[in-house]
Structure formats: structure tokens, C-alpha cells
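Below: the structure, in C-alpha cells.
Predicted model only: the values in this text are computed from it and were never measured. Just so you know, these numbers use all the heavy atoms, side chains as well, and skip hydrogens, waters and symmetry mates. For ligands, and for the atoms within them, numbers begin at 1 and follow the listed sequence.
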Amino acid sequence: MIESLLIANRGEIACRIVRTARRMGVRTVAVCSEVDRNALHARLADEAVVIGPASARESYLNIGAILKAARETGAAAVHPGYGFLSENADFAQACRDDGLVFVGPSPDAIRAMGSKSASKEIMRTAGVPLVPGYHGADQDPAVLQRAADGIGYPVLVKASAGGGGRGMRVVERADQFEAAVAAAKREAKAAFGDDTVLIEKYLQRPRHVEVQVFGDSHGNAIHLFERDCSIQRRHQKVFEESPAPGLPDATRRAMGAAAVAAAKAIDYSGAGTVEFLLGQDGGFYFIEMNTRLQVEHPVTELVTGLDLVEWQLRVASGEPLPLRQDDVRQDGHAIEVRLYAEDPGRGFLPQTGTLNRLTMPAEGPHVRVDTGVREGDAISVHYDPMIAKLIVWDHDRPAAVRRLTKALAATVIGGVNTNRQYLLEIAAHPAFAAGEVDTGFIDRHAGDLLPSSQPASDRVLALAACQVLIERRAAVAAAAARSADPWSPWNLTNGWRLNGEAVETVRFRDGDAPVEIAVRHRGAGWRLTLPGGEMDASAEAEADGTLAADLGGRRIRAAVIADGDTVIVMDGGRAHRLLRHDPAAAAAQDTGGGKLTSPMPGKIVRVLAKAGDTVRRGTPLIVLEAMKMEHTIAAPGDGTVERIAFQVGDMVEEGVELVAISAT
Ligand code: ADP
């Protein structure tokens, strides 16, 4: 086994590789640019070498500097990750020439697959089905035009050396072809230094289904099943899942066999991905092979239970593949989403800034988080703006989709705009739930996915209010259980008052608009005053987090997710996001210094905590009644209550200290 490994990459993939290497007892060396000196990947590795300035060209793409770092640290092998130099045959060759093991296929295999045109020729010979098209060396405009006319429009012009969707043009009509080719060639030349293009039939609403393959240096090749990456924005993957929803078993087997044939055709060793388009006719067609680990490899890991980086290191060390084809199982369903610092409201413009809040869902058998950043780190202009990958697993697809919405709801990122809400809208969309995935998904549902200017309906507001009221009820009940006199009327949760009817208020912010809902207690439920009128409501939270509500006599079950300051209501196939807006709590928070002061003159109607209690951010501590409304004073952060200065019934002035908390 390789004893030491230099990771020629950064971010989440470098961190992910360190994890497996460490588990296998392999010493790790990170390389980093000057701005990445304190980056997570550099911190996690056993050793880190600064190889150049921030610009990737001078650091992560600098072959000379990387090889020098390998020599100086005595690394025996190099893992290129994905992106950067991972598909650079010259780099693989240079590693070999320096006596280093390159964790990946041979330079020849990388070269063979590096050109979409040349790889198609190899695949055609190996009997792998291709999208009808032209991938010849003759780039004469007249030849290309004739080829396109022969294929029939629409056609897709692609940069042969392309990647990441660049250098691609859809051409609808013959008279647009010449201009489109010229544009694609310009883009390809600038991005890849090679303006060779190929032409393919443009399939209508295909699915992108790819097969993970693995080969070793003993002539074995197998596949680890498929991933469906059809949900794309501008030809770039946004969601990836395994298995592909609704894929007939016969097609799955045929695709697996074709992918293995592709790997064998080039004596493939290591991890690779054979990408296909699945047409609406049920046929599948090779588009390209990626000769590296993919961003979306974790979904394969979660359904097969295998560690692909471990396999890569074993194969690179000369071991045979750990399993035979028949021993590989696809179990349950996994979905991955990519969280980016970008602004969906402004054309998905990449965002830069400091991640002043980064709370990811807790990891476990159902949730995996792959990230290369911590709270306080910066998303800079120099590198990819991906913040994290969120991967979920469950026994079947509907359960995995539910896990995903919950995990996304539990993700809190502050400091930069992100696509989190956008991902949540997709995850909550009925077409996604129905498995209606193809590459046209995002365009088709665009209107549903971006934040709407429509205010939340009364029904959505009522569901959100029920969630908040249930939480308050639970908090009061918990406080009553702790208090000396559990039967005190002050601990009743039904809004009991000595004189008159109590009005409680639930406040939200819906986009920019504040919403105030007055609540009167009615038996086990509430009468809500909503923007559209009064509504009687009652609700119970079920064990799986679903809210079972009765709204004006109609029984409704909806997923309502409380997530810090946010309440997300899944209703009518859309995720509605409301911010809890409690001016009293906000005023109290502003005082800082662990003291909570009274935001206005009023009467203390409930005391829900006592000195010595451990509280979490958002735990209600005191309820103040002022101007016939109740205002809950909640803990601004996690901590211990030092003292509570008042008792129920006390009148307080504005600005006096109500509670002191010491932070934990
Ligand atoms: P890149 O290497 O730039 O990512 P690919 O060849 O892998 O380019 O294609 C990326 C995406 O573009 C595919 O997943 C698919 O959505 C779309 N695409 C590619 N070829 C075709 C085609 N012939 N017809 C329709 N869509 C296509």
C-alpha cells in the first residue's frame, strides 16, 4: 500500500481524500496557495506545503511546484481530486517520470478520453451506442454544415476538448449554424486552447445517466451502478442521485455492460465515469468519459456502501479490485445537492464573502456533509464557489427526498447568498417527488423555483403559526414541569387569564413584509386573525415532523420545518419561507452582554426559566404583556440563566434588565 499521498487539490475533495487516507494509515500532504494557508484541507492533512500565490494557474495548476512539494515531503503518490489537473495527461506523465504513483488511469487513457471526438471513435469501435453526430477531424465549415444538415436540426455544437458546459451551442435552424460554430470555436479556443468542435443530434429532454466504473492493473473492470444527474442548470449538474428513478432493470444492465466495455476498450485502471444520455425513446447514448473521481461520487458510496477513494488507493497500489461485479449491491436511494455561494435572484451570480454563519445538518447514517470550509472562512474570487455537498440516504426515494428537504432546512449559511432555498424548492417540487427528472426540468419549472413575490397565503401563515404555537406550548409545558408549582395557573398553556381574554401574537417576516397574527386560545386550539380574516386552527406535531392541522374544519397534513429563525412550510408543492420576527426578542438581542432588557413597559405574565437553567438560543424565558399583546423574551444564544429579576405580576419599565445569561 502507498505510504504517503500528496493531494493536488483543495476544498471539500481534498478534505474528503484526507479522511480516507487517514483511516487507511496513509500519511497525507496537502498543497495550498498562499490564501489557503489556513484552509481546512491544509489544516487536516499531516503536512501542508504552500506552492504559490492565490491564482490557480500559479498554484493548483502549477505542475512544477506540485512535483517539487512531493519531492520535498517524500510523498510516494499523488491524488489529483477532480478539476484542476485531474484530467491532464501531461501531469499524470510527469508524476510517473518523477517516480510518483499517479492515483488515476494511465496518461494514454486520459488522453484517449480527453477529446470528446476521439473518445467517440473508440466507443464506436467498442460497440458502445453514440448520439448520432459528426466527430471528424475535418473542421472545414462546409463539411460541418453538411454534417449538421444530414443529422437534422436541432443540433448541438460542442467543443471537443470541452467541459463544464462551455463551448456548447444549440442550433435550431440551418441558417444559424455557421454563426453558432464560429462562436463555439471562439469560446473553445479561449477556454481550452483547442477549437475542434463536434456536432450531435440535440436530443429533446433527455436524461443524463452516468455509470461509475472501476478498473485495475490486472485487466479487471466492473461498474458500481448508475447516477442520474438530469437536474442541471445550463448543462451543469445541480442534483445527483442513485439509482436513476424509474430506470428499467434491463436498461440498467445494458448501460452497465456498455460502460464496462468502454473501460476495457482503453485498459482503464482506477475510477472513471461513463456518461450517457437516455433518450425519451428509452435508448442510451455515450457522450463522454471522465477519467477521474466525480463530484457526485458520494451517492454511489451511499448506495453501495463502498469507499471509492479507498478503492482508488488500492488499485493505484497495484491491488486487484476488492469486489467482483456480482458482489456489488445497490441498496436504498441517495441524493446529493451542491450548495453554492451564488445569487439565484440575480442570474446565479457567484458570491464572495465571509461565511459568518455555517450550520450544517448533523451527520449520521442518513446525512453526509462534504465540505472544505468552516464558519468564518471566506469564499473568494479565486476558486469554485461551492460551499458544501449535502448527501442523504434512505431506503427508498420518497424517504430520501424527505431527508433532503429536512437537511436543507437545517442548513443555515450566513454572510453570502446561496442557492439553498432554490435547492429546497426543487426538492419540494411535486415533479421531482414524482421522479419526472430530465435535463429540461429547471427550465420547465423555472417559474416555481425562484423566490416569488407572491405573499404567503393565509393557509401557509396558519400552518407556520401553528408550528410556533406548538413550540411555545411545549416550552411552557417543559418550564411547568421544572417549576415548583406545576399546577400554578401561570403555567397553563391555554392562555388562561384572571380577567379578560388574552391575545398572543405570532410575528413573521414574509420577504420584506412584516406579518402579525393575533391568536386567541379556543379549547385545545386557536382562533387566528390572518390577513384574509379569522380562522380556527388546531394542530399536533407528529413524530416524523409532519404537522397534522385542522384549519377552519379542513384536515391538512404538511411538512413544516422550524429551522432557527426560519419556518419553512411545504405546501402545494412549494417551500414557503417565513422569518420569525419578534421585535421584543430582536430588541433584547441588540442589548448584547448577556443581559435581556424589557423592550417596552409592561407586565410579566409568565416566567419560564429559573437561575441555573441551561438554555438554548430561542428558548422562551419570560413573557411580557404590553399593550394587550404578549411578547416572548427568548434566549439570544446558548447559555446558563444567572438570574431572573422579576416575578409573575411585576410591572416593568422599558429598558430594565429582565434576565442575565452567561454564554456557554
Ligand atoms: P461537458 O463536458 O461540457 O459537461 P457533456 O458532453 O458532458 O459536456 O454534456 C453536458 C450536458 O449537456 C449533458 O448532461 C446534457 O444535459 C447536455 N447534452 C450534451 N449532449 C447533448 C445532446 N446531444 N442532446 C441534448 N443534450 C445534450
Side-chain angles (χ1 to χ4, degrees), residues 82-83 86-88 110 112-124 128-135 144 147-148 150-172 177 180-181 183-185 187-212 226-241 244 255 259 262 272-292 294-296 336 338 384 437-444:
Y82 58 71
S86 61
E87 289 181 295
N88 184 315
I110 298 175
M113 291 296 136
S115 151
K116 290 189 210 274
S117 307
S119 67
K120 288 208 159 119
E121 198 44 43
I122 297 170
M123 291 305 135
R124 198 178 56 76
V128 177
L130 303 181
V131 185
Y134 171 83
H135 47 264
L144 295 176
I151 295 163
Y153 296 88
V155 298
L156 185 63
V157 181
K158 274 189 197 177
S160 183
R166 281 182 299 175
M168 252 199 253
R169 285 284 185 296
V170 181
V171 187
E172 303 285 348
F177 183 77
V181 167
K185 279 186 173 286
E187 207 170 301
K189 183 84 192 163
F192 314 107
D194 174 355
D195 70 356
T196 311
V197 294
L198 61 103
I199 301 155
E200 279 176 3
K201 175 91 195 145
Y202 186 63
L203 302 184
Q204 300 297 326
R205 289 172 51 175
R207 287 167 65 177
H208 174 117
V209 180
E210 58 185 35
V211 179
Q212 175 71 53
E226 82 283 6
R227 294 183 287 258
D228 190 315
C229 315
S230 299
I231 303 223
Q232 304 181 345
R233 203 181 63 77
R234 298 217 187 111
H235 303 306
Q236 294 195 47
K237 299 162 185 167
V238 180
F239 275 56
E240 299 104 356
E241 58 185 306
M255 292 181 92
T273 296
V274 183
E275 298 191 333
F276 297 101
L277 292 181
L278 187 62
Q280 289 188 348
D281 58 358
F284 61 88
Y285 310 95
F286 171 84
I287 48 173
E288 66 164 344
M289 178 167 182
N290 290 320
T291 53
R292 54 172 165 83
Q294 303 266 105
V295 177
E296 58 272 22
E336 175 182 283
R338 305 181 187 192
D384 185 81
V437 293
D438 61 67
T439 58
F441 183 97
I442 282 184
D443 284 342
R444 196 158 63 245

Start with the C-alpha gap between Lys158 and Glu200, add the side-chain angles, then the distance that decides, and say whether salt bridge (Lys or Arg N to Asp or Glu O under 4.0 Å) holds.
CA-CA 8 Å; Lys158 274 189 197 177; Glu200 279 176 3; 3.2 Å; yes
Between His135 and Leu130, does a side chain to side chain contact (heavy atoms under 4.5 Å, CB included) hold up when you go through it step by step?
CA-CA 11 Å; His135 47 264; Leu130 303 181; 3.9 Å; yes
Verdict with supporting geometry, His208 and Glu240, side chain to side chain contact (heavy atoms under 4.5 Å, CB included):
CA-CA 10 Å; His208 174 117; Glu240 299 104 356; over 6 Å; no
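A distance-only check finds a donor-acceptor pair linking the side chain of Gln212 to the backbone of Gly272 [under 3.5 Å].
A salt bridge does not link Arg227 to Glu336: none of the charged side-chain nitrogens sits closer than 4.0 Å to a carboxylate oxygen.
Using a heavy-atom distance under 4.0 Å as the criterion, the protein contacts of ligand 1 are Lys116, Val131, Leu156, Lys158, Gly162, Gly163, Gly164, Gly165, Met168, Glu200, Lys201, Tyr202, Leu203, Pro206, His208, Gln232, His235, Glu275, Leu277, Ile287, Glu288, Thr439.
Here the rule is side chain to side chain contact (heavy atoms under 4.5 Å, CB included) with Tyr285, and of Leu203, Leu278, Val128 only Leu203 fits it.
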